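Comments concern the structure below.
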Amino acid sequence: MTGRRLHPFTLLAIAGALPALAWILPAPAGGACTAAVALVLTASRGLRRGLWPAVLTAAPFWVFLRLLHDVPTTIAIGLRITTMVASFVWLAATLAPDRLVEATVARGWSVTAAYLFAATITAVPMLRGRARRIVEAQRCRGLSPRGSLGNRLRALRALALPLVLSALHDVDERALALETRGMVSGARRTPLAPPPDSAVERAARWALLVACVAALIWRLK
Amino acid sequence: MSIRVLALIPVAAAISLALSAAVDAVALPLFLDTTGTILATALAGPGVGIATGVVTSAVNTLRNPTFWPFVVVQIIVALYAWAAARAGLFRSFRTAVPAGLGLGVIASVTSTPISYLVFGCTTTGGIALTTALGKALGLPPLGACFFGSFVSDFGDKAVTFALVTSVLHALPRRTAARFPWALRAIGAA
């Protein structure tokens, strides 16, 4: 199961429930189970896109945990962090932002939250590319980003300021684009390709919520 | 919420996440991951700042899931930046840098219990190493955790406030006037 066919809300529910259960259930058995499930899910997305990024992100935490804690604490917290990392790596590899937008529109929720999320995801690589071009351009003009702390801070200002100002100038352009697409608050939109949401998936989402609440009540007893 | 303000939020959040490229180029131990939150607050008020902070954390979580529990810090940063903007503390470096240092203390006090309870004080490499240093210096676990957060946040927030002040003053007045809070933040209204 790669998760690609699942409804975006189901993906979010799974990625939210696994870390929640990892923290609620008693360690280390609870964390071991949730970490195993999360790692299987990430492995289903392939080695390069799933398992390796999860393992590489989680591994430094184990090293630092061992540096700061004894072995039982390291295992208990490490399994929880591994669950969290693997769940979100799987979510990032599986969830398509446009499907999430369609799902929220189909549900009749405000499209604003989905827009903010999707627009940020698409804006980050664009701005990172622009930041790299600014770094190269300033270097060509003789900017030295090395030397004393004062030098580096001045260099940082010379790099960050054009990036932030140019990004703020984009705001007007984006506002115009949103206006022409009828993105005003309260406007009802029609989803073009709403992701199918079966009764089984809806039941599964409720089951995950009930499982988390039941586990919490059991632990608090 | 006006369309312009709505368009500002993803741009400000992306600024927070893209500035790492500039930080990498100068090899300074800074994050600047609250720049967009502070800037959005100074331009358009606390609601927009909080929304920017939450979106920044949500998108950052897809890159590194351990960022999500620290969304609380982004909200505190937005509220603090709002108070600073109301007081016109972005009017010069002389007022902005001390305000940033104050935020550094508040941010480390806020992030310490999250880091301690959720991650056992192991968040990112640099902070974990300074926490280990605090432990080696004989500090108790929570004290070492605060030491790690404080070392990373104190300077970072001062530089972030200084950078936002530079941006606000570099913005053409006509552009700044399009945002409801910008001129008040720099003491021009």
Side-chain angles (χ1 to χ4, degrees), chain A residues 19 23 57 60-61 64-65 67-69 73-74 77 80-81 84-85 87-89 91-92 112 115-124 126-128 130-132 134-135 139 145-146 149 152-153 155-157 159-161 163-165 167-172 174-175 177-179 183-185, chain B residues 1-15 17-28 30 32 35-36 39 43 51 55-56 58-59 61-66 68 118-125 128-129 131-132 135 141 144 159 162-164 166-167 170-171 175 178:
Chain A
W23 256 270
T57 309
F61 286 96
F64 291 125
L65 277 168
L67 207 65
L68 294 168
H69 302 284
T73 313
T74 299
I77 301 176
R80 288 169 180 165
I81 293 177
M84 186 188 231
V85 168
S87 303
F88 280 89
V89 166
L91 181 70
T112 307
Y115 160 74
L116 292 177
F117 191 68
T120 307
I121 287 175
T122 53
V124 172
M126 190 194 75
L127 280 189
R128 283 215 174 114
R130 193 181 293 175
R132 279 192 293 274
I134 290 170
V135 169
R139 276 184 179 153
R146 295 286 181 262
L149 181 65
R152 285 169 195 248
L153 286 173
L156 178 64
R157 185 175 182 272
L159 298 174
L161 207 56
L163 176 70
V164 179
L165 287 172
L168 287 178
H169 283 297
D170 288 350
V171 170
D172 276 341
R174 283 169 174 265
L178 289 176
E179 214 155 19
M183 183 89 172
V184 288
S185 61
Chain B
M1 188 185 284
S2 75
I3 289 280
R4 180 174 285 111
V5 168
L6 183 66
L8 170 68
I9 295 170
V11 169
I15 286 170
L17 303 175
L19 273 174
S20 58
V23 173
D24 289 347
V26 295
L28 281 171
L30 298 169
L32 304 187
T35 308
L39 181 64
L43 289 172
V55 171
T56 304
V59 174
T61 297
L62 294 179
R63 192 170 59 91
N64 186 339
T66 59
W68 182 244
V118 181
F119 300 109
C121 292
T122 53
T123 41
T124 49
L129 287 176
T131 305
K135 203 180 169 194
V159 173
L163 179 61
V164 170
S166 290
V167 171
L171 267 182
T175 308
R178 289 176 191 159

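Letters go in sequence order (proteins before strands), and every chain restarts at 1. None of these values were measured; they are calculated from a predicted model. Only heavy atoms go into these numbers, but all of them, side chains included; no hydrogens, no water, no symmetry mates.
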Working for side chain to side chain contact (heavy atoms under 4.5 Å, CB included), residues I15(B) and L163(A):
CA-CA 8 Å; I15(B) 286 170; L163(A) 176 70; 5.7 Å; no
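- For the pair L8(B)/L168(A), a side-chain contact is recorded, criterion being any heavy-atom separation below 4.5 Å from C-beta on.
- The minimum heavy-atom distance between A25(B) and R139(A), with the atom names listed, is O-NH2, 3.9 Å.
- Between chain A and the options S166(B), A144(B), A170(B), heavy-atom pairs under 4.5 Å are most frequent for S166(B).
- Interface remark: V135(A) contributes side-chain atoms only to the contact with chain B (heavy atom separation under 4.5 Å).
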For L159(A) and L19(B), run side chain to side chain contact (heavy atoms under 4.5 Å, CB included): C-alpha distance rounded to whole Å, both residues' side-chain angles, the deciding distance at 0.1 Å, then the answer.
CA-CA 9 Å; L159(A) 298 174; L19(B) 273 174; over 6 Å; no
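- Counting only distance, with no hydrogens or angles, the side chain of R128(A) and the backbone of L17(B) share a donor-acceptor pair below 3.5 Å.
- Within the 4.5 angstrom heavy-atom criterion, no atom of T56(B) approaches chain A.
- Residue V23(B) touches chain A through both its backbone and its side chain, counting heavy-atom pairs closer than 4.5 Å.
- Neither the backbone nor the side chain of V5(B) comes within contact range of chain A, judged by heavy atoms closer than 4.5 Å.
- When each of P141(B), A162(B), G120(B), A21(B) is scored by its heavy-atom pairs under 4.5 Å with chain A, the top score falls to G120(B).
- Taking L153(A), D170(A), V89(A), L149(A) one by one and counting their heavy-atom pairs under 4.5 Å with chain B, the maximum is reached by L153(A).
- A pairwise comparison of heavy atoms in A175(A) and I3(B) identifies O-CG2, 3.1 Å as the closest pair.
- The distance from the CE atom of M84(A) to the OG1 atom of T61(B) is 7.5 Å, given to the nearest 0.5 Å.
- D172(A) places a side-chain heavy atom less than 4.5 Å from the side chain of R178(B).
- Contact detail for T120(A) and A13(B): the closest heavy-atom pair is CG2-CB, 3.6 Å.
- Nearest heavy-atom pair, R146(A) versus V26(B), reported as atom, atom and distance to 0.1 Å: NH1-C, 3.8 Å.
- Looking only at distances, a side-chain donor or acceptor of R152(A) sits under 3.5 Å from a matching main-chain atom of A27(B).
- No side-chain heavy atom of K135(B) sits less than 4.5 Å from a side-chain heavy atom of L67(A).
- Of all non-hydrogen atoms in A7(B) and Y115(A), the two that sit nearest each other are CA-OH, 4.2 Å.
- Between T131(B) atom OG1 and F64(A) atom CZ the span is 9.5 Å, to the nearest 0.5 Å.
- Between A119(A) and P10(B) the shortest heavy-atom distance is CB-CB, 3.7 Å.
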